[in-house]
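What follows is a short report on a single structure.
Every chain is numbered from 1 and lettered A, B, ... according to where its sequence line falls, protein lines coming before strand lines.
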4 protein chains.
Amino acid sequence: MSQVADSKGSRARTATAKRQRLTAAAARVVHQQGVERTTIADIARAADVPVGNVYYYFKTKDDLVAAALSEHAHGLQTLTTRLDRLPDPRQRLKGLVAAWVGERELAARYGCPTGTLASELGKRDEGGLAEEAGKVIRLLLDWAGHQFRQLGLPDPDGLALTLVSAYQGMSLLANALREPGVMTREGRRLTDWLDSLPDPRD
Amino acid sequence: MSQVADSKGSRARTATAKRQRLTAAAARVVHQQGVERTTIADIARAADVPVGNVYYYFKTKDDLVAAALSEHAHGLQTLTTRLDRLPDPRQRLKGLVAAWVGERELAARYGCPTGTLASELGKRDEGGLAEEAGKVIRLLLDWAGHQFRQLGLPDPDGLALTLVSAYQGMSLLANALREPGVMTREGRRLTDWLDSLPDPRD
Amino acid sequence: MSQVADSKGSRARTATAKRQRLTAAAARVVHQQGVERTTIADIARAADVPVGNVYYYFKTKDDLVAAALSEHAHGLQTLTTRLDRLPDPRQRLKGLVAAWVGERELAARYGCPTGTLASELGKRDEGGLAEEAGKVIRLLLDWAGHQFRQLGLPDPDGLALTLVSAYQGMSLLANALREPGVMTREGRRLTDWLDSLPDPRD
Amino acid sequence: MSQVADSKGSRARTATAKRQRLTAAAARVVHQQGVERTTIADIARAADVPVGNVYYYFKTKDDLVAAALSEHAHGLQTLTTRLDRLPDPRQRLKGLVAAWVGERELAARYGCPTGTLASELGKRDEGGLAEEAGKVIRLLLDWAGHQFRQLGLPDPDGLALTLVSAYQGMSLLANALREPGVMTREGRRLTDWLDSLPDPRD
DNA sequence: CATGAATGAGCCTTCATTCAT
DNA sequence: TATGAATGAAGGCTCATTCAT
């Protein structure tokens, strides 16, 4: 009994693992090369999966891109979940900024994964992937808005917009100029800004 | 003789006009569709030039992209030149922000022409087009830095970075969320910020 | 012990049932979609059998097509066996025509199962399936020839050919024109023709 | 002037010739192999055109099939136009039958070009090619109906249906049985039938 | 210089068939 | 026997680029 279960479980586990490998590879390669320049073969190679087999897990290339997107969303949620353990909303926001700065090398090389993806997908008409990318960014906006709200600040959503917008801007510039230092500098500015905000709860 | 001259002149003029039409078309279409999704045929059609003829003016597709890039650089210079007529650096910077907000519909649909281009080109290794895109953004940074410097503010280049970064961020978010309102809101914030900066020259 | 026996028996019965389900599904789906447009997966789905399992019962796709063919042959024999119960050969032939007309909706949508299959398989070189299809049609020719012979008519095989040919023609036209009425009209004509034939036995 | 005209003409002629070659090759190869088993490469090879170039003339494979269909329609009209020169409608109809019988070898090998095409296309849902095939067959029905009408016979369209139906049936059987003799025998029967019809105009 | 046509490499996707358990 | 997964060979189609005139 347990053998059968194990057997099935192992197969399922393998299948899931492969799917996961493909998703992760898609997220990584698409971040690095962009959607259009990324080949199914590229992703298959990165995931060490035969090309033809990719289609067993993802019906189309767009499905893979969607998976990459949700992988980024997942990474985002992992981060915010971790930050949520911090007691103070302001600390959480500063932790977010710190995380961004921590990724400065990647950002300087390839930009923000979600932002560049949204940018590229935004130039499409069909598929609905652009909307999907927008949703991932909204996750971040919502979380940040929640923190600002907890701080009791007026217009928390506006503040979130400013924060996330600053992140996207600094990522894009760091990337365009190939200068991780942009992340450091603007990150510090954001941290200072967060510190400067009053805490009406006092 | 004069006929021949006229003919040549007219041809030359025509030729120049064609080149210009192609450049403008490339800038427009690439902004809308992105580099990879844009076909030489797309640009040729938009410029009303036969496909085969494009290659007389541009040796490769990358040359056309470079032309699109310089077209954006040119547009940028036209704008800053106009703003330079304003007497006050602060007014010039606010004029820049106003210009950005004025393009909010386009930004919400396709993002910042230069920013999205830089983002897409940044995912390439070869060609040097990424560097080219960086240069165009630097033009903007330099101009803004110049204004902040004229205002006598400390760290003018840092302020320029913050300003341009904010622009790229708000364009990307407006685009990702398909909300021109982001441009309006963040534009107002930038204007307020510019107004809030001291003028050490006083 | 009896459990094991039952189990085996049930399995065997199940296995046979599965084979039968696959055969029936193949006949149906191939009739509807044609050989080339039909996927093993299509048939497996229609038979509610896992794809991988199909190959336990049929070594190749062609084997499945052959099974579909013999399924049609079987259906044909079921029909002629039923008609054979009628006392008069002329009644039997008219019964055949009536059966054809009874299938007019299916014929108008997908043509004669055997005829369209023969037509498609006829465009192959290898495999011998074309011959197989020819044999099924010959079954019909033989049966009809037998009836005409019993009627004592001269050239009974020629009459059979004319009859079956008319059936194939009207099926094809009904299908091409998507008009079941063709079956009705030509069926009536065939019935009248059968009635008009003399009965030399009188 | 004439040089330019010639030059353009020659190019146009070449292009047209190539298109024509592709159309003819498509008609031929599709007749022999069927739609699904025919690859673009097959047609390209038969027309001696590089594969990639095919798409300059035909946007999709279906376009090529449509071209093959209209090629058959064209052949049909060439035939009927020739027959129209005969003074008597009955002679024209008998001429049609004779033409069919003349093609018996091809019919025995590959069936009626239009009929088998209609049969294969009829198993599709999309594309509208099935309808197109139906139209080609209607051309034949209409012409035949016109002849019967000129003969002053009652129900001329019904007679046309019977005639064309007989043709499709005998082609299919000749093909399925691989016996050109079927065409001869049934052709003779049709000729006799046409002769047996009264001429109400007498 | 202009232009329709040509070329070929490459990409996404499908599918019959096989494998591992 | 059963079954999800794996594999690899095509096939349709696109497109940057080149050619011939």
dist T38(A):OG1 -> K61(A):NZ (nearest 0.5 Å) comes out at 6.5 Å
Between the NE2 atom in H72(C) and the OG1 atom in T23(C), the distance rounded to the nearest 0.5 Å is 11.0 Å
- Query: When you measure from the centre of the six-membered ring of Y56(A), is the NZ or CZ of R19(A) under 6.0 Å away and within 45° of the axis?
  - Reply: no
Value for CD (Q33(A)) from CD1 (I43(A)), rounded to nearest 0.5 Å, stands at 8.5 Å
Below 4.0 angstrom from OP1 or OP2 of dA2(E), is there any side-chain N or O of Y57(B)?
yes
Does a side-chain N-to-carboxylate-O contact under 4.0 Å join R124(A) and E132(A)?
no
OH (Y110(D)) and CG (L117(D)) are apart, to the nearest 0.5 Å, by 15.5 Å
So, with a heavy-atom separation below 4.0 Å from DNA chain F, the residues of residues 58-65 of chain A are none
query: Within less than 4.0 Å of OP1 or OP2 of dT17(F), is there a side-chain N or O belonging to Y55(B)?
result: yes
Here the gap from D125(B) atom CG to K123(B) atom NZ, rounded to the nearest 0.5 Å, amounts to 11.5 Å
From OH of Y56(D) across to C1' of dG8(E) the rounded distance in Å is 17 Å
From CZ of R19(D) across to C1' of dA6(E) the rounded distance in Å is 16 Å
With both pairing distances under 3.5 angstrom for Watson-Crick or G-U wobble, and | for a partner in another strand, the correct string for DNA chain E is .||||||||||||||||||||
From the candidates dC13(F), dA2(E), dT17(F), the one with an atom nearest any side-chain atom of K18(B) is dA2(E)
Rounding to 0.5 Å, atoms CG (L69(C)) and CG (D63(C)) come to a distance of 12.0 Å
Tightest non-hydrogen contact, residues A68(A) and A26(A), listed as CB-C, 3.8 Å
Per the under-4.0 Å heavy-atom filter, residues of residues 36-53 of chain A near DNA chain E come out as T38(A), T39(A), I40(A)
